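Only one structure is covered here, and it is reproduced in the block below.
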Amino acid sequence: MYIVIGGGGKIAENLAHTLLKQNHEVAIIEENEAVVEGLVESLSDRYMVILGDTCDSNVLEDAGIKIADIFIATTGQDDDNLVACEVASAHFSVPRIIARVNNPKNERIFRKLGIEAISSTSIITRMIEDETMQNEMRMVLSLKQGDLTMMEVDLPFHSKLEDEGGVRVADLELPSSTVIVALGREDKLDTVHGDTVLLPGDQLVVCCKSDREDEVKKFFQSL
């Protein structure tokens, strides 16, 4: 597949490395010249890096957006990601549009416009590594359309978990209707079971009732 990534930060760089290893072709758009130089030094294989504004239709066209199978907006600004996705969809009819959403509260706006909005970096990476994982992505997104929310939670580095050597998931008294879906540690993402031990600094992907988001965040911050 040919994939255009808007934004050249760490998320984009990691995505590009993963996609290139899967033999996809990648183009990255980044407006910071120093970041562009870093990407050129870091990446290899079939890639292209464009210096410019990812919201600019001319820049998108230079990146080959007309033949792109997927456009992914990964900048740190939700407004920029939204505009870039709209341009890619409305003006260039890219078959699939994915956006990083920095503020989960903005996900509803993206979804109403038909844009796949993901707030977890780990989920994005895992889901676009292979075309066969499209069904899993749609399932995660559909959760948000009901009463459930999928969110990323960082466990505090300095906490009683450090003194106790971690805690087993089975020993946690999780808030009602809350499930730990995955655990990220040292750039690796893994599934979670009862014997999984949570450690300070772990990144968790958690599914919970939408009206319990604040309660769930406070629970994990208190560990």
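All values reported here derive from a predicted model rather than from experimental measurement.
Closest non-hydrogen pair, Val40 versus Tyr47, comes out as O-OH, 3.2 Å. Heavy-atom minimum distance, Ala117 versus Val101: CB-CG2, 3.4 Å. Contact between Val192 and Ala182 at its shortest, heavy atoms only, is CG2-C, 3.6 Å.
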Tell me which donor-acceptor pairs under 3.5 Å the side chains of residues 55-64 have, and how far apart each pair is, sequence neighbours excluded?
unit_1: Asp56; atom_1: OD1; unit_2: Asn58; atom_2: N; d: 2.8
unit_1: Glu61; atom_1: OE2; unit_2: Lys66; atom_2: NZ; d: 2.8

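A salt bridge (Lys or Arg N to Asp or Glu O under 4.0 Å) with Glu116 is found for exactly one of Arg100, Arg111, Arg96, namely Arg96.
Atom-to-atom distance recorded for Ile50:CD1 and Ile5:CD1 is 13.0 Å, nearest 0.5 angstrom. Interatomic distance, SG of Cys85 versus CD1 of Ile115, reported as 4.5 Å (0.5 Å rounding).
Two residues are said to be in side-chain contact when any heavy atoms from C-beta on lie closer than 4.5 Å; Val94 and Ile65 meet this criterion. With a 4.5 Å cut-off on side-chain heavy atoms, Leu155 and Leu199 do not count as touching. In this structure, the side chains of Ile3 and Ile72 come closer than 4.5 Å at one or more pairs of heavy atoms. Using a 4.5 Å heavy-atom cutoff, the side chains of Leu82 and Ile109 are in contact. Considering only heavy atoms from C-beta on, His17 comes within 4.5 Å of Ser42 through its side chain. Using a 4.5 Å heavy-atom threshold, the side chains of Leu43 and Ile28 count as touching. A 4.5 Å side-chain heavy-atom check between Gln203 and Val153 finds every atom pair outside the cut-off. Residues Thr74 and Leu15 are in side-chain contact: their nearest non-hydrogen atoms beyond the backbone lie under 4.5 Å apart.
The list of salt bridge (Lys or Arg N to Asp or Glu O under 4.0 Å) pairs with a residue in residues 198-210, not counting sequence neighbours, reads Arg185-Asp202. The stretch residues 169-184 participates, sequence neighbours left out, in these side chain to side chain donor-acceptor pair (under 3.5 Å) pairs: Arg168-Asp171. Legend: side chain to side chain donor-acceptor pair (under 3.5 Å) pairs involving residues 75-87, not counting sequence neighbours, sorted by first then second residue: Thr75-Asn81, Asp78-Asn102, Asp78-Asn106. Screening residues 13-27 for salt bridge (Lys or Arg N to Asp or Glu O under 4.0 Å) gives Lys10-Glu13, Glu25-Arg46 as the qualifying pairs, with residues at least two apart or on separate chains.
Listed by chain and number, the residues in a side-chain contact (heavy atoms from CB on, under 4.5 Å) with Glu215 are Pro175, Arg212 (sequence neighbours excluded). Here Val35 pairs with Glu30, Asn32, Leu39 under the side-chain contact (heavy atoms from CB on, under 4.5 Å) rule; sequence neighbours left out. The side-chain contact (heavy atoms from CB on, under 4.5 Å) check on Leu172 picks up Val167, Leu174, Ile180, Leu198, Phe219, Leu223, with sequence neighbours excluded. With sequence neighbours excluded, no residue satisfies side chain to side chain donor-acceptor pair (under 3.5 Å) with Asn23.
Both Phe71 and Ile67 are members of a single hydrophobic cluster when ILVMFWY side chains are connected at heavy-atom separations under 4.5 Å. In this structure, Val179 is not a member of the same hydrophobic cluster as Leu183, with clusters built from ILVMFWY side-chain heavy atoms closer than 4.5 Å.
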Given Met151 and Cys207, is the side-chain contact (heavy atoms from CB on, under 4.5 Å) satisfied, shown in steps?
CA-CA 7 Å; Met151 62 181 178; Cys207 182; over 6 Å; no
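In this structure, the side chain of His24 does not engage the main chain of Tyr2 through any donor-acceptor pair within 3.5 Å.
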